[in-house]
**Student:** 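For reference, the structure I am asking about is given below.
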Amino acid sequence: QVQLVESGGGLVQPGGSLRLSCTASGFMFSTFRMSWYRQAPGKEREYVAVISSTGGTTNYADSVKGRFTISRDNVKRTVYLQMNSLKPEDTAVYYCCGSGFSATEYWGQGTQVTVSS
């Protein structure tokens, strides 16, 4: 059974930090490109960051570049999103997504991040 389980969300003050984790099971994690997306209330889901299967290549949305860092540990089957200098506009439900061959795609259930004083 394929599962992606996100954790690490919560309430943080502006300027603070959080680290999200997404642990995978049920598929060959080390061969999948992993991404983070987010969806704010009333808005469409948007891309945040992606990391290649080996971890050698990363890419970020302009809105988070320089503040967020995506990484992965293929032994632990986990992808991370380190979020620093958080802003109220980063408030959203954050989802991890695994993309493999033949357009295979798996999604987690999401974790809430709220940035507020």
Side-chain angles (χ1 to χ4, degrees):
Q1 180 182 359
V2 171
Q3 274 195 311
L4 287 172
V5 180
E6 299 100 333
S7 61
L11 173 64
V12 63
Q13 292 187 344
S17 298
L18 280 176
R19 188 176 84 153
L20 305 183
S21 300
C22 171
T23 300
S25 60
F27 64 99
M28 202 171 294
F29 178 80
S30 62
T31 67
F32 274 59
R33 182 175 73 250
M34 297 300 297
S35 306
W36 287 96
Y37 286 77
R38 67 186 181 185
Q39 187 166 20
K43 295 188 177 181
E44 292 190 355
R45 190 173 297 189
E46 66 172 0
Y47 160 77
V48 174
V50 64
I51 187 166
S52 62
S53 59
T54 63
T57 302
T58 59
N59 183 268
Y60 300 90
D62 287 343
S63 58
V64 307
K65 202 170 293 184
R67 299 188 298 121
F68 289 12
T69 303
I70 189 171
S71 61
R72 67 189 294 161
D73 184 331
N74 283 349
V75 174
K76 294 183 178 179
R77 304 174 60 86
T78 300
V79 60
Y80 304 98
L81 186 67
Q82 177 67 44
M83 305 186 295
N84 299 328
S85 303
L86 282 161
K87 306 175 181 180
E89 51 263 44
D90 294 318
T91 295
V93 178
Y94 283 71
Y95 299 89
C96 69
C97 172
S99 303
F101 296 110
S102 302
T104 301
E105 208 168 69
Y106 302 125
W107 289 86
Q109 83 290 345
T111 186
Q112 176 70 47
V113 171
T114 302
V115 184
S116 174
S117 54

**Student:** Indicate the atoms forming the closest heavy-atom contact of Ala49 with Leu81, along with that distance.
**Tutor:**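 The answer is CB-CD1, 4.4 Å.
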**Student:** Check whether any side-chain N or O of Arg77 sits under 3.5 Å from a backbone N or O of Ala24 as a donor-acceptor pair, and report yes or no.
**Tutor:**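 A pair under 3.5 Å: yes.
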**Student:** Distance-only, no hydrogens or angles: does the Thr111 side chain make a donor-acceptor pair with backbone N or O of Gly9 under 3.5 Å?
**Tutor:**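 Such a contact is found between Thr111 side chain and Gly9 backbone.
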**Student:** Show your reasoning for whether salt bridge (Lys or Arg N to Asp or Glu O under 4.0 Å) applies to Asp90 and Lys87.
**Tutor:** CA-CA 5 Å; Asp90 294 318; Lys87 306 175 181 180; over 6 Å; no
**Student:** So which heavy atom on Pro14 is nearest to which on Ser116, and how close?
**Tutor:**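 For Pro14 and Ser116, the tightest heavy-atom pair comes out as CD-C, 3.6 Å.
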**Student:** Calculate, to the nearest 0.5 Å, the distance between atoms OH and CG belonging to Tyr95 and Leu20 respectively.
**Tutor:**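 Reported to 0.5 Å precision, the distance equals 13.0 Å.
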**Student:** With side-chain contact (heavy atoms from CB on, under 4.5 Å) as the test, pick out the partner of Phe29 among Asp73, Asn74, Thr78, Thr23.
**Tutor:**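 So, applying the side-chain contact (heavy atoms from CB on, under 4.5 Å) to Phe29 and each of Asp73, Asn74, Thr78, Thr23, only Asn74 qualifies.
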**Student:** In terms of hydrophobic clusters joined by side-chain contacts under 4.5 Å, are Val115 and Phe68 together?
**Tutor:**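 Yes, Val115 connects to Phe68 through the hydrophobic network.
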**Student:** Checking side-chain contact (heavy atoms from CB on, under 4.5 Å) for the pair Ser21/Lys76: CA distance, chi angles, key distance, verdict?
**Tutor:** CA-CA 11 Å; Ser21 300; Lys76 294 183 178 179; over 6 Å; no
**Student:** Okay, side chain of Arg72, backbone of Arg33: is any donor-acceptor separation there less than 3.5 Å?
**Tutor:**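 Checking the backbone N and O of Arg33 against the side chain of Arg72, no donor-acceptor pair under 3.5 Å is found.
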**Student:** Got a second to check how far Cys97's SG is from Met34's CE, nearest 0.5 Å?
**Tutor:**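 Between Cys97 SG and Met34 CE, I get 7.0 Å after rounding to 0.5 Å.
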**Student:** Looking at Ala40 and Ala92, what are the two nearest heavy atoms and their distance?
**Tutor:**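 Nearest heavy atoms, Ala40 then Ala92: N-CB, 3.8 Å.
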**Student:** Assigning hydrophobic clusters by single linkage (Ile, Leu, Val, Met, Phe, Trp, Tyr; side-chain heavy-atom cutoff under 4.5 Å), is Tyr94 placed with Ile51?
**Tutor:**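 Yes, Tyr94 connects to Ile51 through the hydrophobic network.
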**Student:** Should Leu18 and Tyr37 be counted in the same cluster of Ile, Leu, Val, Met, Phe, Trp and Tyr side chains packed under 4.5 Å apart?
**Tutor:**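 Looking at the clustering, Tyr37 is in a separate group from Leu18.
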**Student:** Over all heavy atoms of both residues, which pair between Tyr60 and Tyr47 is shortest? Give the atoms and the distance, please.
**Tutor:**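 That would be N-OH, 3.6 Å.
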**Student:** Is a donor on one side and an acceptor on the other found under 3.5 Å between the side chain of Thr114 and the backbone of Thr91?
**Tutor:**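 Judged by distance alone, no pair lies under 3.5 Å.
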**Student:** CZ/Phe101 to CZ/Phe32 distance, rounded to the nearest 0.5 angstrom?
**Tutor:**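 Phe101 CZ to Phe32 CZ: 8.5 Å, rounded to 0.5 Å.
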**Student:** When rounded to the nearest 0.5 angstrom, what distance separates OG in Ser35 from CH2 in Trp107?
**Tutor:**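 Going from the OG atom of Ser35 to the CH2 atom of Trp107 covers 7.5 Å.
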**Student:** Do Glu46 and Arg38 come close enough that some side-chain heavy atom pair is under 4.5 Å?
**Tutor:**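 Glu46 vs Arg38: side chains touch.
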**Student:** Determine the minimum heavy-atom distance between Val48 and Val64, stating which atoms define it.
**Tutor:**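 Heavy atoms only, the tightest pair is O-CG2, 3.6 Å.
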**Student:** To the nearest 0.5 Å, what is the distance between CD1 on Ile70 and SG on Cys96?
**Tutor:**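 Reported to 0.5 Å precision, the distance equals 9.5 Å.
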**Student:** When rounded to the nearest 0.5 angstrom, what distance separates SG in Cys22 from CD in Glu6?
**Tutor:**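 Result: 5.0 Å between the selected atoms.
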**Student:** What is the minimum heavy-atom distance between Ser85 and Ser17, and which atoms define it?
**Tutor:**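 Closest heavy-atom pair between Ser85 and Ser17: N-OG, 4.4 Å.
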**Student:** Step through the shown structure and confirm whether more than 12 heavy atoms of other residues, nucleotides or ligands are within 6.0 Å of NZ on Lys65.
**Tutor:**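 Enclosed: over 12 neighbouring heavy atoms sit under 6.0 Å from NZ of Lys65.
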**Student:** Which label fits Phe27 and Tyr106: parallel for a plane angle under 30°, tilted from 30 to 60°, or perpendicular past 60°?
**Tutor:**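 The arrangement is tilted - the two ring planes meet at 30° to 60°.
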**Student:** Counting only heavy atoms not in Glu44, do more than 12 sit closer than 6.0 Å to its CD atom?
**Tutor:**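 Open.
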